[in-house]
Amino acid sequence: EEYTEYLERYELYGAGRPRLNPTEFDRLDDELLDLLAQEMEHKLDDDQIIRVKELEYLLLDSEQ
């Protein structure tokens, strides 16, 4: 499950970041997937790019 993997990443890299509950994780993950799908269709604007980075940070999708 994706949330379980998130918790594992959180234990390794999550210091200083908010810990998401399953509902928050699902909502933010869906938002990120929507933005990435839009990126495939057309270039994202600056606000969308910033939001992708925020979501990646919160979801620990990249070790920033």
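Computed over heavy atoms, backbone and side chain alike; hydrogens, waters and symmetry mates excluded.
- Separating the CG atom in D34 from the CG atom in D29 is a distance of 9.5 Å, to the nearest 0.5 Å.
- Remark: side-chain polar atoms of R19 are not paired, donor with acceptor, to backbone N or O of Y10 under 3.5 angstrom.
- Partners of D45 under the side chain to side chain contact (heavy atoms under 4.5 Å, CB included) rule, at least two apart in sequence or in another chain, are D47, Q48.
- Connection of I49 to Y57 is established within a shared hydrophobic cluster, with ILVMFWY side chains joined at heavy-atom distances below 4.5 Å, either directly or through further cluster members.
- The structure places CD of E54 at 11.0 Å from CD of E56, a figure rounded to the nearest 0.5 Å.
- One distance of note links CG of L60 with CG of L7; it measures 9.5 Å at 0.5 Å rounding.
- To the nearest 0.5 Å, the span separating NZ on K53 from CG on D61 amounts to 11.0 Å.
- By the rule that hydrophobic residues join a cluster once side-chain heavy atoms approach within less than 4.5 Å of another member, Y13 and L58 end up as members of one cluster.
- Under the 4.5 Å side-chain criterion, counting only non-hydrogen atoms from C-beta, T4 is in contact with E8.
- The OG1 atom of T23 sits 10.5 Å away from the CG atom of L28 when rounded to the nearest 0.5 Å.
- From L44, atom CG reaches atom CG of L35 across 6.5 Å, with rounding to the nearest 0.5 Å.
- A salt bridge is absent between R27 and E24: the closest approach of a Lys/Arg side-chain nitrogen to an acidic carboxylate oxygen does not fall below 4.0 angstrom.
- Distance alone, capped at 3.5 Å, is enough to place a donor-acceptor pair between the Y3 side chain and the L20 backbone.
- The number of heavy atoms from other shown groups lying within 6.0 Å of CG (D46) does not exceed 12.
- Cluster annotation: L33 and V52 are assigned to distinct hydrophobic clusters (Ile/Leu/Val/Met/Phe/Trp/Tyr, side-chain heavy-atom contacts under 4.5 Å, transitive).
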